Amino acid sequence: KIKRKEVSSQEVLESFLNQVEAVNPSINAVVALDAERALEKAKEADKKIASKSKLGSLHGLPMTVKDAYEVEGIVSTGGNPAWQDNIPKRNAEAVQRLIDAGAIIFGKTNVPFLSSDLQSFNKIYGTTNNPWDLERTPGGSSGGSAAAVKADLCHAALGTDTGGSIRQPAAFCSAVGLKPTYGLVSRHGLIAFASSFDQIGPITKCTEDSLAIMNVISG
């Protein structure tokens, strides 16, 4: 719809940001925002469509990623209080591939300490709640990503998975989560000290969207 100009990238992003403002205080899924830069990128994305430039497969799509990735200019903690002021100067490989395909990363989602639990709490940002029932957990360690997708804070998000950290939150929140084959997606720039077997994959609303993202980040 963005490419067909049925809706603008800026409108989609502003819709997500409004939803974050309205819903996120009770869910606590999105823990860091980069709204100002994202809005500028969305405006540029809309200009490229108007100029009929060549567009990537995810052109103008606002997304979030788990706070287990290095993202240039956005605080990236891995849920570790020792890194709460860490602002990387480059993107993780998977994040860069999303950006190269036209996606706009506007926020980070909550994780447990070093992505090493089946819930989503850390001492920096607190607890993420399940959007279906605020008294329950969205799971972990990608619970922030799953909760954000299901609560319409974003259309898609990246998570990570060793022993269920994408699949369990997706199940708890009624989303689609995929742990890909080991080595299919580069782990460069992933803050993953829970296990050397942590894998990068999408959490989305449907299988088609997961495939679209996998086609971008794999290789």
Side-chain angles (χ1 to χ4, degrees), residues 13 16-17 19-41 62-96 98-99 103-131 134 137-149 151 153-154 156-166 168-169 173 186-201 203:
L13 175 59
F16 287 143
L17 292 174
Q19 185 75 346
V20 169
E21 183 178 1
V23 175
N24 194 60
S26 61
I27 297 174
N28 192 36
V30 176
V31 293
L33 280 174
D34 192 24
E36 186 173 331
R37 288 200 306 170
L39 282 167
E40 289 302 314
K41 292 173 183 176
M63 288 183 60
T64 64
V65 299
K66 182 178 180 178
D67 190 23
Y69 296 93
E70 290 183 334
V71 179
E72 180 272 323
I74 306 178
V75 61
S76 303
T77 74
N80 184 354
W83 299 334
Q84 61 185 337
D85 297 319
N86 175 45
I87 301 178
K89 295 182 180 179
R90 63 181 181 181
N91 295 309
E93 176 67 20
V95 173
Q96 188 60 52
L98 292 174
I99 293 170
I104 298 168
I105 309 302
F106 72 92
K108 307 287 291 291
T109 56
N110 204 24
V111 298
F113 178 77
L114 296 181
S115 299
S116 57
D117 206 337
L118 294 178
Q119 49 75 48
S120 296
F121 161 84
N122 63 68
K123 291 183 179 179
I124 307 170
Y125 298 121
T127 301
T128 298
N129 302 314
N130 193 306
L134 299 180
T137 181
S141 60
S142 304
S145 290
V149 169
L153 309 184
C154 59
L158 281 191
T160 64
D161 190 316
T162 299
S165 284
I166 286 175
Q168 183 230 42
C173 294
S186 170
R187 291 163 18 97
H188 186 71
L190 173 64
I191 306 170
F193 292 97
S195 170
S196 63
F197 291 105
D198 217 15
Q199 295 302 292
I200 292 170
I203 297 178

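Quick caveat, the model's predicted, so the values are computed rather than measured. Residue numbers count from 1 along this sequence.
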Could you pull out the closest heavy-atom pair between [X] and [Y], with the gap in Å?
X: Asn28; Y: Tyr125; result: ND2-O, 2.8 Å
X: Gly79; Y: Ile124; result: C-CD1, 4.1 Å
X: Pro169; Y: Gly139; result: CG-C, 4.0 Å
X: Ser116; Y: Ser141; result: N-CB, 4.4 Å
X: Leu153; Y: Phe106; result: O-CZ, 3.2 Å

### Query
Does one side chain, of Lys66 or Ser142, offer a donor that lies under 3.5 Å from an acceptor on the other?
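Indeed, the side chains of Lys66 and Ser142 share at least one donor-acceptor pair under 3.5 Å.
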How far does [atom1] of [X] sit from [atom2] of [Y], to the nearest 0.5 angstrom?
X: Ile203; Y: Ser145; atom1: CD1; atom2: OG; result: 5.0 Å
X: Asp161; Y: Ile166; atom1: CG; atom2: CD1; result: 5.0 Å
X: Thr128; Y: Ile27; atom1: OG1; atom2: CD1; result: 9.0 Å
X: Asp198; Y: Leu190; atom1: CG; atom2: CG; result: 5.5 Å

### Task
Using the test side-chain hydrogen bond (donor to acceptor under 3.5 Å, both in side chains), find all partners of Glu93 that sit at least two apart in sequence or belong to another chain.
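Applying side-chain hydrogen bond (donor to acceptor under 3.5 Å, both in side chains) to Glu93 gives Arg97.
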#### Entry: Contacts of type side-chain hydrogen bond (donor to acceptor under 3.5 Å, both in side chains), residue Arg37, not counting sequence neighbours
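Applying side-chain hydrogen bond (donor to acceptor under 3.5 Å, both in side chains) to Arg37 gives Asp34, Glu72.
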Answer yes or no: is there a donor N or O on one side and an acceptor on the other, between the side chain of [X] and the main chain of [Y], under 3.5 Å?
X: Asn122; Y: Pro81; result: no
X: Asn24; Y: Ala29; result: yes
X: Ser76; Y: Ala68; result: no
X: Asn110; Y: Thr127; result: no
X: Thr77; Y: Gln84; result: no
X: Glu70; Y: Ile191; result: no

### Message
Under the criterion side chain to side chain contact (heavy atoms under 4.5 Å, CB included), I'd like the reasoning laid out for Leu17 against Leu33: C-alpha separation, chi angles, the key distance, then a yes or no.
### Response
CA-CA 9 Å; Leu17 292 174; Leu33 280 174; 4.1 Å; yes
### Task
Would you sort out whether Phe113 and Asn80 count as a side chain to side chain contact (heavy atoms under 4.5 Å, CB included), showing the intermediate values?
CA-CA 5 Å; Phe113 178 77; Asn80 184 354; 3.4 Å; yes
Within a strict 4.5 Å, meaning less than it, do heavy atoms of the [X] and [Y] side chains meet?
X: Val75; Y: Val31; value: no
X: Cys154; Y: Pro62; value: no
X: His188; Y: Gln96; value: no

### Query
Pick from Thr160, Ile74, Asn91: which one makes a side-chain contact (heavy atoms from CB on, under 4.5 Å) with Tyr69?
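Single pass found, and it is Thr160.
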### Task
Begin from the C-alpha positions of Ile105 and Val95 and carry the test side chain to side chain contact (heavy atoms under 4.5 Å, CB included) through to its verdict.
CA-CA 8 Å; Ile105 309 302; Val95 173; 4.2 Å; yes
### Query
Given the rule in the side chain to side chain contact (heavy atoms under 4.5 Å, CB included) test, do Thr64 and Phe16 qualify, once you have shown the distances and angles that lead to the verdict?
CA-CA 10 Å; Thr64 64; Phe16 287 143; over 6 Å; no
### Of all pairs that satisfy salt bridge (Lys or Arg N to Asp or Glu O under 4.0 Å), the ones with a partner from residues 105-120, not counting sequence neighbours
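Of all non-adjacent pairs touching residues 105-120, those that pass salt bridge (Lys or Arg N to Asp or Glu O under 4.0 Å) are Asp67-Lys108.
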